[in-house]
*Asks:* 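Questions regarding the structure given below will be posed in turn.
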Amino acid sequence: MMFPWRSRGRNYEAELQKFRPEPFLVEFGEYHPLKPIMVTDTKTRRGARKGSTSSSSSSSSVPTDPLSSMLDGTDPLSMFAAASASEDLGRRKRDKEEDPLGPDFEPWSSKRGEILARFTTTEKLSINLFMGSDKGKAPSPGSAVSEKVRTRLEELDDLEEGSQRELLNLSQQDYANRIEELNQSLKEAWAADQKVKALKIVIQCAKLLSDTSVIQFYPSKFVLITDILDTFGRLVYERIWTMCSDPRPLPDGFTVDDVNDTAKETCLNWFFKIASIRELLPRLYVEAAILKCNRFLSKTGIQEILPRLTAMIRGIGDPLVAAYARAYLCRVGMEVAPQLKDNLNRNFFDLLGTFRQISGENVQNQLVLQRVEVPEYLTLYSPAINWILQCIAYRAPESLLTEMMERCKTLGNNALLLNSVMRAFRPEFVAARATDFIAMIKDCDEAGFPKHLLFGSLGRSLACADPPESERLTILNEAWKVVTKVRSPQDYINCAEIWVEFTCRHFTKREVNTILADIIKHMTPDRAFEDAYPQLQSAIRKILLYFHNFSVLFSIERFLPFLDMFQKDSVRVEVCRSITDVFLKNQVEPTRDPVILNAMLHICKTMHDSVNALTLEDEKRSLALLIIGFIRMVSFGRDFEQQLSFCVEARATFCNLEPVLVQLIHTVNQLAMETRKVMKGNHSRKTAAFVRACAAYSFITIPSLSNIFSRLNLYLLSGQVALANQCLSQADAFLKAAVSILPEVPRSISVEGKFRSSENFLLDFINNFLATLLVVPDHPEHGVLYLVRGLLNMVQDYTWEDNSDAKVRVYTSALPLLAAMSQETYLYSIPKMDSNETLYGGDPKFLSEINKLCETLIGQILDHLKALSKDESIRRQGALAFSLFGVVLAHGDLRNNKLSQLSVNLWNLSHKHGYCETRMSVRTLECIKHQAQQHDMTHLTDVVQRLALQSRT
């Protein structure tokens, strides 16, 4: 059965005025929905005037909020929290007063990894142990010793107590694993109450520190073995502590009087055992390891023992071994008695006295035997000297630095010592004396310790603190005279990278350009830059830290050639990313500076060209966002043609990143709208040609996108922009292109890595497309409503999902559009462009075509509703029927009896099986009753009665 359609006439302006909500003026002080609610106590407070309240906005009927009323801290929880906070503050203050070591003191643990990584060797190592054999003992579960070493251990004969065991041909990793096994054996022996065995393990490990046969590895050996000593010292201290904690725990700030006799006797016994060790070095190290235990014996024991142990170190013949013994003693001394600075100074001055041994016959013969040069040998002292000086310089007055500088001069400006002094003392102190340090560095012996290392240490201090302004240029010139003469590219870049920050911090682009040119000169021959990417990246980061004006930065002549040295793809892209990121953070205003644009295009092109088939999607997205950020920062102001030319160049440059192309299309569309705004909608011949060029740009670019919905949405958006600029032929082409690719939409798409049905996305697009068609005039050569018919035909032919109602929903959405096209005045229009309301002027033939199309759509919808009569489809049938009922009610002329009957039938169908929501039904009926009261809608009274009757039935 056909239902003749006729749209009801609408006066949109009158409807808007009729249903516009009345404004409500809120007086000051009255209730306002955005005003915060304040809950206050309205009871009369003790001592207050009777009848007064705490707030004029409160009501006596509002109960007091117990949480808000106790915010003054009077509730028990708040009082307890305040008391706890006060107690914690007091405890932290006491701890700060009692413990001179603060968070600004760099602990030994932070240096451990650096030493192990720096002092390595490929030589074979050996371990000599004078202990009983452990043959037959199962290895510990955590053992990581190599199979080769395990086999060697199994082949050893079972030796008697005190016999020698020697492990030979150990690699560096095997040696570290064996030391870790000894550390584990120590813990197991202690846990098994084998205290004598544990002590023997520690003694034998301490003996290993006298071996300098592989001298380059000695600092790392010191780190590994002192880990065992630290473990032993902790175990002994915890055992004695536990003995003192019965029946109650010993307080942190205990005194000798709090220690019981048993604990004192046990502690004294440990010191007697250690005193009986015959060899000097293990006796010294093991006693230093349990130095903290002296707290259980005497108040002043540590103050007496430290000078004695310091004097004992003078008996060690090897200066390197003695230096690390002093470093260990200073380390445990800082842990137990950091206030005893005199002992630190004494150790340091003793160390200075051993420097003359380096030129002695024994040391020189050892260096010749191991083929170690003097500069390399001197660097082995660095960790020990640096640590001792760090302990001395911690919170030391500036006068101590002056004293240390005098000591260096007395020793003939010993380069090793001078280097450690510059690294140990506060940068502010060093910076204030930078000129004096340079003079001392110039007097140092180049053969003993390279001067570029000294200038590197000075540069680190000057990067943290500023020298006097009048001396800065002299400092840079003197430093660079030395740095530029360094022959080794690796040594050169290690030092030059440090001074880049000083140059950027205090000088202009001229000096920075000179530095960069010198770096390029040194690092380009033999492609030396390939081994120095970390240092070169560090130099870039420092430049970006101080140069936020990119016009200045990119005008540095050697900056881009400097970037060309990053030829490893991953490193080059990372550098370009960092530059672009800094640019986006600091470039506040859009720019048209050609220097910036050329440089940034080069950098962004580098990022773009790194994309290939193996690039991850996240990486592509990240790079695209950076390039998009740059594109958004480009503005040529009123020079729209130049802006379009830039977009043309950018399209060719970034063709492999789809999000960038999408952004370029948006940029060009915005450019067209800006042109329209400037011309106030009245285009001249020149601007009309320009906006058509913008449309052509978009029309050419959109097909290159792979994402179908990106193409659809951009076709629609670009068509809307073309309509706004009176480019009818271009708009027609965009909209026809969108319709033509609808069959290409897949039934499922990937969203965030998961496949989802594309149906909802497609319906959203079609609804937006239908809304645009209201203002699109018909093409004179294609007949009435050709775009609407083309869209509906595509929807008809599209392969929808099985059991899908999407097609019928589109038909239902098309009815309001067709009804709006039937009106004498459209709901919206585009200024200075004629729509169908003007072209046809309410022509009966045009209205007849609309009505026929509506009748056809309603027929299709009703046929689909009939097909949904099966039990499993009843709910869908009711929802679609109610949706169509709403459309017919809102847009159809119900004075037509058949259309009126159709609305009643749809209402009945939607309520037939009780699936329609009751609240929605009631509200709909109320709305129809309200409309029926209007003078031009009285015909709805009959419809209301019939609907109400059916609802009761």
Side-chain angles (χ1 to χ4, degrees), residues 4-22 673 676 680-683 716 719-728 731-732 735 766-780 782-792 811-858 886-896 899-900 903 927-928 930-940:
W5 174 270
R6 182 179 177 185
S7 303
R8 74 180 180 94
R10 306 285 294 273
N11 187 334
Y12 296 114
E13 185 62 29
E15 290 181 21
L16 179 63
Q17 295 299 327
K18 184 182 298 183
F19 295 106
R20 187 190 299 275
E22 296 182 3
M673 295 305 293
R676 178 181 181 275
K680 298 180 180 180
N682 299 314
H683 282 297
L716 178 57
Q720 293 168 346
V721 171
L723 286 172
N725 286 280
Q726 299 103 48
C727 300
L728 295 181
D732 190 69
L735 298 178
I766 292 175
N767 287 332
N768 290 335
F769 194 89
L770 288 172
T772 303
L773 291 182
L774 178 62
V775 297
V776 179
D778 284 337
H779 196 284
H782 294 91
V784 178
L785 301 177
Y786 83 102
L787 277 176
V788 178
R789 295 179 188 277
L791 175 65
L792 294 176
Y811 292 163
T812 306
S813 299
L815 289 174
L817 166 67
L818 295 171
M821 285 183 168
S822 303
Q823 307 304 315
E824 292 184 4
T825 303
Y826 284 180
L827 178 60
Y828 49 85
S829 60
I830 297 178
K832 304 184 184 304
M833 194 193 77
D834 294 333
S835 302
N836 284 340
E837 61 175 337
T838 304
L839 295 180
Y840 296 110
D843 186 357
K845 293 183 179 180
F846 175 65
L847 298 179
S848 176
E849 289 292 332
I850 291 177
N851 293 337
K852 288 180 182 179
L853 185 55
C854 290
E855 292 168 5
T856 303
L857 294 178
I858 291 175
V887 172
V888 172
L889 181 67
H891 302 282
D893 187 355
L894 297 188
R895 288 174 294 188
N896 182 292
L899 203 56
S900 175
S903 65
C927 179
I928 300 173
H930 179 72
Q931 287 184 340
Q933 295 175 2
Q934 302 173 24
H935 67 89
D936 57 341
M937 301 290 286
T938 55
H939 60 278
L940 291 180

*Asks:* Just verifying a value: how many Å separate Leu853 CG and Leu818 CG, rounded to the nearest 0.5 Å?
*Replies:*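 So the CG of Leu853 and the CG of Leu818 are separated by 5.0 Å.
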
*Asks:* At what distance, to the nearest 0.5 angstrom, does CG of Leu827 lie from CG of Leu774?
*Replies:*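 The distance works out to 7.0 Å.
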
*Asks:* I want to check something: taking the side chain as every heavy atom from C-beta on, are Thr825 and Arg10 in contact at a cut-off of under 4.5 Å?
*Replies:*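 Side chain of Thr825 against side chain of Arg10, heavy atoms only: no contact under 4.5 Å found.
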
*Asks:* Can you find a heavy atom in the side chain of Asp778 that is under 4.5 Å from one in the side chain of Tyr840?
*Replies:*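 Yes - at least one pair of side-chain heavy atoms lies under 4.5 Å apart.
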
*Asks:* Using a 4.5 Å cut-off on heavy atoms from C-beta on, say whether the side chain of Leu815 contacts that of Val888.
*Replies:*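 A side-chain contact under 4.5 Å is absent here.
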
*Asks:* With a sphere of 6.0 Å drawn around CZ of Arg6, does it hold more than 12 non-hydrogen atoms of other residues, nucleotides or ligands?
*Replies:*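 Incorrect, the count does not exceed 12.
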
*Asks:* Could you pull out the closest heavy-atom pair between His891 and Pro816, with the gap in Å?
*Replies:*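 So the two residues come closest at NE2-CB, 3.5 Å.
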
*Asks:* Would you mind reporting whether Leu792 and Thr856 have side-chain heavy atoms less than 4.5 Å apart?
*Replies:*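 When only atoms from C-beta onward are counted, Leu792 and Thr856 do not touch, as no gap falls below 4.5 Å.
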
*Asks:* Could you walk me through whether Lys832 and Asn682 satisfy the side chain to side chain contact (heavy atoms under 4.5 Å, CB included) test, starting with their C-alpha distance in whole Å, then the side-chain angles of each, then the deciding distance to 0.1 Å, before giving a yes or no?
*Replies:* CA-CA 8 Å; Lys832 304 184 184 304; Asn682 299 314; 2.7 Å; yes

*Asks:* Would you say that Arg895 contacts Ser900 through its side chain, given a criterion of any heavy-atom pair below 4.5 Å between the two side chains?
*Replies:*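 They are not in contact (no side-chain heavy atoms under 4.5 Å apart), so the answer is no.
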
*Asks:* Under 4.5 Å between any side-chain heavy atoms of Cys727 and His683, yes or no?
*Replies:*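 Cys727 does not reach His683 side chain to side chain.
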
*Asks:* Could you give the distance from OG (Ser835) to CG (Leu773), rounded to the nearest 0.5 Å?
*Replies:*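 Nearest 0.5 Å value for the OG-CG distance: 11.0 Å.
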
*Asks:* Hey, could you give me the CH2/CG distance between Trp5 and Asn896, rounded to the nearest 0.5 Å?
*Replies:*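 Reported value, rounded in 0.5 Å steps: 10.5 Å.
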
*Asks:* Check the pair Asn767 / Ser813 against side chain to side chain contact (heavy atoms under 4.5 Å, CB included), numbers first and verdict last.
*Replies:* CA-CA 7 Å; Asn767 287 332; Ser813 299; 3.2 Å; yes

*Asks:* Write down the atom of Pro4, the atom of Leu899, and the distance for their closest heavy-atom approach.
*Replies:*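 Between these two residues, the closest heavy atoms are O-CD1, 4.0 Å.
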
*Asks:* Can you confirm whether more than 12 heavy atoms, excluding those of His930, are under 6.0 Å from its NE2 atom?
*Replies:*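 12 or below, so no.
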
*Asks:* Among residues at least two apart in sequence or on other chains, which ones pass side chain to side chain contact (heavy atoms under 4.5 Å, CB included) with Gln17?
*Replies:*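 Here the qualifying residues are Glu13, Arg20.
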
*Asks:* At their closest point, which heavy atom of Asn725 faces which heavy atom of Val721, and how far apart are they?
*Replies:*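 Asn725 and Val721 have their closest heavy atoms at ND2-O, 2.9 Å.
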
*Asks:* Run the side chain to side chain contact (heavy atoms under 4.5 Å, CB included) check on Leu791 and Leu735 step by step: do they pass?
*Replies:* CA-CA 10 Å; Leu791 175 65; Leu735 298 178; over 6 Å; no

*Asks:* Excluding sequence neighbours, so at least two apart, what forms side chain to side chain contact (heavy atoms under 4.5 Å, CB included) with Pro777?
*Replies:*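 Only Leu728, Met833, Asn836, Leu839 meet the side chain to side chain contact (heavy atoms under 4.5 Å, CB included) criterion with Pro777.
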
*Asks:* State whether the side chain of Tyr826 and the backbone N or O of Met821 hold a donor-acceptor pair below 3.5 Å, judged by distance alone.
*Replies:*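 Looks like yes, one N/O pair under 3.5 Å.
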
*Asks:* How close do Gly681 and Gln726 get, heavy atom to heavy atom, and via which atoms?
*Replies:*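 Residues Gly681 and Gln726, closest heavy atoms: O-OE1, 3.6 Å.
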
*Asks:* So, using side chain to side chain contact (heavy atoms under 4.5 Å, CB included) as the criterion, who are the partners of Ala771 when residues are at least two apart?
*Replies:*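 Ala771: side chain to side chain contact (heavy atoms under 4.5 Å, CB included) contacts with Tyr828.
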
*Asks:* Output side-chain donor-acceptor pairs under 3.5 Å for residues 841-849, partner residues at least two apart or in another chain, one line each.
*Replies:*
| residue | atom | partner | partner atom | Å |
| --- | --- | --- | --- | --- |
| Asp843 | OD1 | Lys845 | N | 3.3 |
| Glu849 | OE1 | Arg789 | NH2 | 2.7 |

*Asks:* How many angstroms lie between CD in Gln720 and OG1 in Thr772, if you round to the nearest 0.5 Å?
*Replies:*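 Spacing of CD (Gln720) from OG1 (Thr772) equals 4.0 Å.
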
*Asks:* Can you name the side chain to side chain contact (heavy atoms under 4.5 Å, CB included) partners of Ala731, sequence neighbours left out?
*Replies:*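 For Ala731 the side chain to side chain contact (heavy atoms under 4.5 Å, CB included) partners, ignoring immediate neighbours, are Ala722, Leu723.
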
*Asks:* Taking only residues two or more places apart in sequence, or in another chain, which ones meet Arg8 in a salt bridge (charged side-chain N to carboxylate O under 4.0 Å, His left out)?
*Replies:*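 By the salt bridge (charged side-chain N to carboxylate O under 4.0 Å, His left out) rule, Arg8 matches no residue at all.
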
*Asks:* Could you tell me the separation between the OG atom of Ser7 and the CG atom of Asn851, rounded to the nearest 0.5 Å?
*Replies:*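 One finds 6.0 Å between OG of Ser7 and CG of Asn851.
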
